[in-house]
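Below is one structure, written out as structure tokens; the observations come after it.
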Amino acid sequence: MKLIIAVIQDQDSQKLLKALVDHNFRATKLASTGGFLKSGNTTFMIGTEDIRIDKALQIIKENCQSRDQLVAPISPMGGNADSYVPYPVEVAVGGATVFVLPIENFLQF
């Protein structure tokens, strides 16, 4: 058994959840917040057999695409805010950050 923890952008969560269910994966969906852009993420916890890991990772990869997004930079602290012009910056967001962990024991009550 393995536990897959996938942190994805909120925009991709419904599409990923549908694809996982369509392929008979059980998942727990948690709301989370990213540290870099302070934006909403969704964290999926997926328990599966070792032989189905590759299929689960393929589904995550196909449904969680990276995209470019314009964000307003945060004003500098302690600096002269009068001369600071907050031009939007384009950054890559989305995709998925995935952890695969071994599971010692799996119980359902």
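We're numbering straight along the sequence, starting at 1.
Of the inter-residue distances, the one linking L101 atom CG with M1 atom CE reads 12.0 Å to the nearest 0.5 angstrom. One finds the CG atom of D50 at 4.0 Å from the NZ atom of K2 (value rounded to the nearest 0.5 Å). Taking CG from L20 and NZ from K55, the interatomic distance works out to 10.5 Å, rounded to the nearest 0.5 Å.
Annotation: side chain of T42 is not in contact with side chain of L17 (no heavy-atom distance under 4.5 Å). Looking at heavy atoms from C-beta onward, V98 lies out of side-chain contact with I5 at the 4.5 angstrom threshold. Considering only heavy atoms from C-beta on, L3 comes within 4.5 Å of M45 through its side chain. Within the 4.5 Å cutoff, the side chain of I8 has heavy atoms near those of the S13 side chain. Looking at T48 and F25, their side chains come closer than 4.5 Å, going by heavy atoms from C-beta outward. With a 4.5 Å cut-off on side-chain heavy atoms, I60 and L16 count as touching.
For I46 against R26, the heavy-atom pair with the smallest separation is CG2-O, 3.6 Å. For R52 against H23, the heavy-atom pair with the smallest separation is NH2-O, 2.6 Å. Minimum heavy-atom separation, C64 to D12: CA-OD2, 3.6 Å. Across all their heavy atoms, F106 and I103 have their closest contact at N-CG2, 4.3 Å.
Residues I53 and V7 do not share a hydrophobic cluster, clusters being chains of Ile/Leu/Val/Met/Phe/Trp/Tyr side chains in contact below 4.5 Å.
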Check against side chain to side chain contact (heavy atoms under 4.5 Å, CB included), K29 and Q14 | CA-CA 10 Å; K29 181 178 154 185; Q14 289 302 331; 2.9 Å; yes

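Between the side chain of Q65 and the backbone N or O of K61 there is at least one donor-acceptor pair closer than 3.5 Å.
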